[in-house]
Structures are given as structure tokens and as C-alpha cells.
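Report on one structure; see the data block that follows.
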Amino acid sequence: MRTASLMEKRYDGRSAMTDESPKGAGPGAIAPDGSATEFYAALPPDDESAALVHGAIPAGASILELGCGTGRMTQPLVGLGHPVVAVDESAEMLAHVRGAETVRASIEELDLGRSFDAVLLASYVLEYVGVDRRRMLASCRRHVAPDGCVIFQRQPPEWYDTVRPSTWARGEVGYELRDLERRAEGVLSATMRYRIGERTWSHSFTTRRLDDETLPATLGEAGLRFDRLLTPDGGWVMARPVL
């Protein structure tokens, strides 16, 4: 009889296995989640994602942005009229944020003692193996106003079954998705490589699917309820606090 591996047994959102935590390499500071500060600082603002969030919330709504990185969404959200508190665990990332109040903290431990019209969690953070999904969502619930919303980004559920190694470019930035390994049902390891001129970075991670079937229960454990999908592929999700 084949014995199930530890990888197959533990994908419940509480894994603490260090070999599965995201890892990064390349010039400049590397954030705890493996992201390269210099790479993200070199990218243009993410106007498209900011416009999506802006269109889903009231004008002038206050935003708590968790895992803000170098502020690629922060800057355009501020420009669209939203007061933003930007949170990240990396001091090097926060040094690039402009126009917002910044807080250095882990998402799970954050407790600002105040609430916001919208809490934003992008960049697929909820799906990383090695983070505590329940505690992250509990932090979202802790900071969202009773009539507010939580907006988060996930990989479209079918991505885990269809993604393949690939290369592409956006302007002067080259991307390569490689070292793909399906570790268990809905669990995938991969490495992203980035290139700008002569500089290259890598970001290796293991991620687990957050599918439509388990989404309501996962949200419910944190005192949240599913509201709606913001994109046709299901990559952006809105939830509301349970009152």
C-alpha cells in the first residue's frame, strides 16, 4: 500500500513547512513572500486592477490594502480619490509607496483598531502554501466596516488544471513560468523568472486552489460571506462581513 505523503495530507491553510514557503532570488531586497523589490518597483502602476476595484466600491471609499508591495495599485487608487492605508511586511517595499499611510506588519497579526470601507488583498496571497488562510481572512474581517466589503484576488479555479510552462513579454519585461509540478489535487509548485535588460529574478512558490465549492465555507470560518465575482473568470472575488 502506498503511504500518502505529507504534501498530500496537509493543505488546510495552516501549513508551516519552510520548504514550501515562497522563495525569491535576484538583485536587491527580497520580501518575506519571495517577491523582488527592485523588479516590482520597475513595473508601471497597475491601473487596470485599480480601476476594477474602484468600480466595485463607492466613490471615495477608504481602503486597507494588505500586501501592497511597492504600491502599484496604491498609487492609482489614491489618484482615483480613495484614502488608502497600505500594509506590507517588507520595509523595502513600503519605501516605494507614495500618497498613502503605510504600516509595516504581517497580514495575520495586523490589528489597527479601526475599520475601512474596503479591505483589499491582491496578488494571490491567499493561495500560497505556508500562509494561514484562515488568519488572513480573519484579519480582513477584523478591519472591514459593517457595510463594507473585502476584495481579494485568486487564480481562476481552472488555472490549476490548464496552466503549462510558458514565456511571454510585456514591453521590456520578459516572463517565464517554469518548473511546474502538480503536487496533489489542486496544489501546484512553480517558478516565475523575470527579466528586465540584464537583470533577472526568480520567484518559486507552491499554491493551492481556492475553488467555488469550498469558498463559502472558507469565508464563513472568518465571519465573511460570498457576495459576487468581479470578473468573468472568477479571479477577483467580493465578500461581505456576516453581521
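Every value quoted in this text rests on a predicted model; they were computed, and no experiment measured them.
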Query - pair I57-H54: side-chain heavy atoms closer than 4.5 Å - result: no
Query raised in the report: Can you name the residues that form a salt bridge (Lys or Arg N to Asp or Glu O under 4.0 Å) with E158, not counting sequence neighbours?
Result: none
**Report entry** R209 with E127: basic N within carboxylate O range, under 4.0 Å
**Finding:** no
Report task. Keeping the roles fixed (side chain from R98, backbone from A95), state whether a donor-acceptor pair exists under 3.5 Å. Result -> yes
**Report entry** Chi angles and distances behind the side-chain contact (heavy atoms from CB on, under 4.5 Å) call for T37, I30
**Finding:** CA-CA 6 Å; T37 301; I30 303 296; over 6 Å; no
Requested in this report: Compare all side-chain heavy atoms of V150 with those of R141 and state whether any distance is below 4.5 angstrom.
Outcome: no
Query raised in the report: Side chain of H82, backbone of A61: donor and acceptor closer than 3.5 Å?
Result: yes
Report task. Apply the test side-chain contact (heavy atoms from CB on, under 4.5 Å) to residues V187 and T207: give CA-CA distance (whole Å), side-chain angles for both, the deciding distance (0.1 Å), then the verdict. Result -> CA-CA 6 Å; V187 180; T207 185; over 6 Å; no
Query raised in the report: When you check the gap from the basic side-chain N to the acidic O, do D212 and R154 get nearer than 4.0 Å?
Result: yes
Query raised in the report: From C68 SG over to I63 CD1, what is the distance, rounded to the nearest 0.5 angstrom?
Result: 12.5 Å
Query raised in the report: Between A190 and L188, which heavy-atom pair has the shortest distance, and what is it?
Result: CB-CD2, 3.9 Å
Report task. Find out if a path of hydrophobic residues (ILVMFWY) with successive side-chain heavy-atom gaps under 4.5 Å connects Y128 to F39. Result -> yes
Requested in this report: Measure across F116 and V85 and return the closest heavy-atom pair with its distance rounded to 0.1 Å.
Outcome: CE2-CG2, 3.5 Å
Requested in this report: Using the ring of Y175 (Phe, Tyr or Trp, six-membered ring only), decide whether R193 places NZ or CZ under 6.0 Å from its centre and within 45 degrees of its axis.
Outcome: no
Query raised in the report: Just by modelled atom types, is the L112 backbone N or O under 3.5 Å from a matching donor or acceptor in the H143 side chain?
Result: yes
Requested in this report: Please check if the side chain of R195 supplies one atom and the backbone of G174 the other of a donor-acceptor pair under 3.5 Å.
Outcome: no
**Report entry** CA sep, side-chain torsions, deciding dist, call: T191, H203, side-chain contact (heavy atoms from CB on, under 4.5 Å)
**Finding:** CA-CA 5 Å; T191 295; H203 187 194; over 6 Å; no
Query raised in the report: Taking all non-hydrogen atoms of both residues, which atom of L94 and which atom of A86 are closest, and how far apart?
Result: CD2-O, 3.9 Å
Query raised in the report: With hydrophobic residues grouped by side-chain heavy-atom distances under 4.5 Å, do V144 and L66 end up in a single group?
Result: yes
Query raised in the report: Any side-chain donor-acceptor pair under 3.5 Å between S90 and D88?
Result: no
Query raised in the report: In terms of side-chain geometry, is the basic nitrogen of R199 or E172 positioned less than 4.0 Å from the acidic oxygen of its partner?
Result: no
Query - Between CZ on residue R133 and CD on residue E108, distance to nearest 0.5 Å - result: 12.5 Å
**Report entry** Exercise: do S189 and E181 side chains pair donor with acceptor under 3.5 Å
**Finding:** no
Query raised in the report: What's the shortest heavy-atom distance between L224 and P241, and which atoms?
Result: CD2-CA, 3.9 Å
Report task. Show your working on side-chain contact (heavy atoms from CB on, under 4.5 Å) between R142 and D111 and close with a plain yes or no. Result -> CA-CA 7 Å; R142 190 159 57 243; D111 192 350; 4.0 Å; yes
Requested in this report: Mind checking the CD-CG spacing from Q153 to L121? Nearest 0.5 Å is all I need.
Outcome: 9.0 Å
Requested in this report: Establish, yes or no, whether a centroid distance under 6.0 Å links the rings of W201 and Y194.
Outcome: no
Requested in this report: Establish whether I107 and V53 are linked, either directly or via other cluster members, by ILVMFWY side-chain heavy-atom contacts under 4.5 Å.
Outcome: no
Query - Check: R104 side chain, E89 main-chain N or O, donor-acceptor pair, under 3.5 Å - result: yes
Query raised in the report: To the nearest 0.5 Å, what is the distance between CG (L126) and CZ (R208)?
Result: 8.5 Å
Query raised in the report: Quick one: does L219's side chain get under 4.5 Å of R225's, heavy atoms only?
Result: no
Requested in this report: Taking all heavy atoms of A31 and all of M93, pick out the closest pair and write down the distance.
Outcome: CB-CE, 4.1 Å
Report task. Check G69 against V97 and note the closest heavy-atom contact, atom names and distance. Result -> O-CG2, 3.6 Å
Query - Hydrophobic cluster identity match, F152 and L110, side-chain contacts under 4.5 Å - result: yes
Report task. Evaluate the side-chain proximity of Y40 to S35: yes if any heavy-atom separation is below 4.5 Å, no if none is. Result -> yes
Report summary line: To the nearest 0.5 Å, atom CG of L77 lies from atom OG of S49 at 9.0 Å
Query raised in the report: Ignoring hydrogens and geometry, is there a side-chain-to-backbone donor-acceptor pair from R240 to D227 under 3.5 Å?
Result: no
Query raised in the report: Just wondering, do V87 and L64 contact through their side chains at under 4.5 Å, heavy atoms?
Result: yes
Query - Interatomic spacing from CG in L43 to OG1 in T70 - rounded to 0.5 Å - result: 7.0 Å
**Report entry** V129 and F205, any side-chain heavy atoms less than 4.5 Å apart
**Finding:** no
Query raised in the report: Would a hydrophobic clustering, with Ile, Leu, Val, Met, Phe, Trp and Tyr connected at side-chain separations under 4.5 Å, put W236 with L215?
Result: no
**Report entry** Enclosure of E185 CD (heavy-atom neighbours >12, cutoff 6.0 Å)
**Finding:** no
Query raised in the report: Do the side chains of T218 and L210 get nearer than 4.5 Å, heavy atoms only?
Result: yes
Query raised in the report: Should R135 and E109 count as side-chain neighbours, where that means a heavy-atom distance under 4.5 Å?
Result: yes
